[in-house]
Amino acid sequence: MKVTLQRVAPGDIEARSMELITAELGERTFPAEQAPIVKRVIHTTADFDYADNLVFTAGAVEAGLCAIRSGCVIVTDTQMARSGINKTVLGKFGGEVLCFMSDPDVAQEAKARGVTRATVSMERAAALDRPLILALGNAPTALVRACELMEEGKLRPALVIGVPVGFVNVVESKELLLTMPGEHIVARGRKGGSNVAAAICNALLYTASHNERE
């Protein structure tokens, strides 16, 4: 079988990918501020279901951009998501990405209390005194605890990115988030993941920085 490859310069691969995504979306349109996020998630996953699965509250994108420009902390529920977020761009705004999941004291406390590390991690996030974005792509327990803390008035994130992946309490945790006040970006259903959480953060960062990458 003969395979014909497209000739694309290395620096043009992403732009060409976005062109192909736009073409495949056809007549589907999105609000201008949401389109870069939807397309970056599709670019990351090659999954066009996200064109339908991603749900945005009315002020979600603007809240995320304001938080980034204010030098926010992005708290993730996996080191993978933390690794995937463009920390150089975020750092230019004075922000940083934190993940408490690997901290020995978090693991020790979680074991002593009989809860997950993700639960304790959200409690650590609540103690931060800075603008905050939660980027949760793995642990439903993180999302549930975040919702509890928000309901108790102990956690006030500017934006919650709720995109955990899996089966046990994944759908339910996302639907719980959608009942909460505040600004959210949610991938409804079972799909999601650390790569999706990072992709959404990067789409916001590139919008905030006028597409600066380094």
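The structure presented is a predicted model; accordingly, all values stated were derived computationally and were not measured. Heads up: numbering here begins at 1 and tracks the sequence.
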Flag, side chain of [X] to backbone of [Y], donor-acceptor distance under 3.5 Å:
X: Asn53; Y: Gly189; result: no
X: Glu183; Y: Gly59; result: yes
X: Ser17; Y: Ile13; result: yes
X: Thr44; Y: Ala199; result: no

Flag side-chain contact, heavy atom, 4.5 Å: [X] against [Y]:
X: Arg130; Y: Glu96; answer: yes
X: Arg188; Y: Leu178; answer: yes
X: Val165; Y: Lys191; answer: no
X: Glu172; Y: Val144; answer: no
X: Thr45; Y: Val196; answer: yes
X: Ile42; Y: Asp49; answer: no

Assess whether atom [atom1] of [X] is packed by more than 12 heavy atoms of other residues, nucleotides or ligands within 6.0 Å.
X: Glu151; atom1: CD; result: no
X: Glu175; atom1: CD; result: yes
X: Met80; atom1: CE; result: no

Looking at Tyr206, does the NZ or CZ of Arg213 lie under 6.0 angstrom from its six-membered ring centre and within 45 degrees of the ring axis? yes
Does either side chain, that of Glu214 or that of Thr88, offer a donor lying less than 3.5 Å from an acceptor on the other one? no
So, Lys39 versus Thr22: side-chain donor-acceptor pair below 3.5 Å or not? yes
Identify which one of [options] satisfies the side-chain contact (heavy atoms from CB on, under 4.5 Å) criterion when paired with [X].
X: Cys201; options: Ile68, Ile37, Ile85, Val89; result: Ile85
X: Arg16; options: Glu19, Met18, Glu14; result: Glu19
X: Ile161; options: Leu177, Ile133, Leu136, Val186; result: Ile133

Got a salt bridge between Asp77 and Arg145, using NZ or NE/NH1/NH2 to carboxylate O under 4.0 Å? no
Do NZ/NE/NH1/NH2 and the carboxylate oxygens of Arg117 and Glu109 come within less than 4.0 Å? no
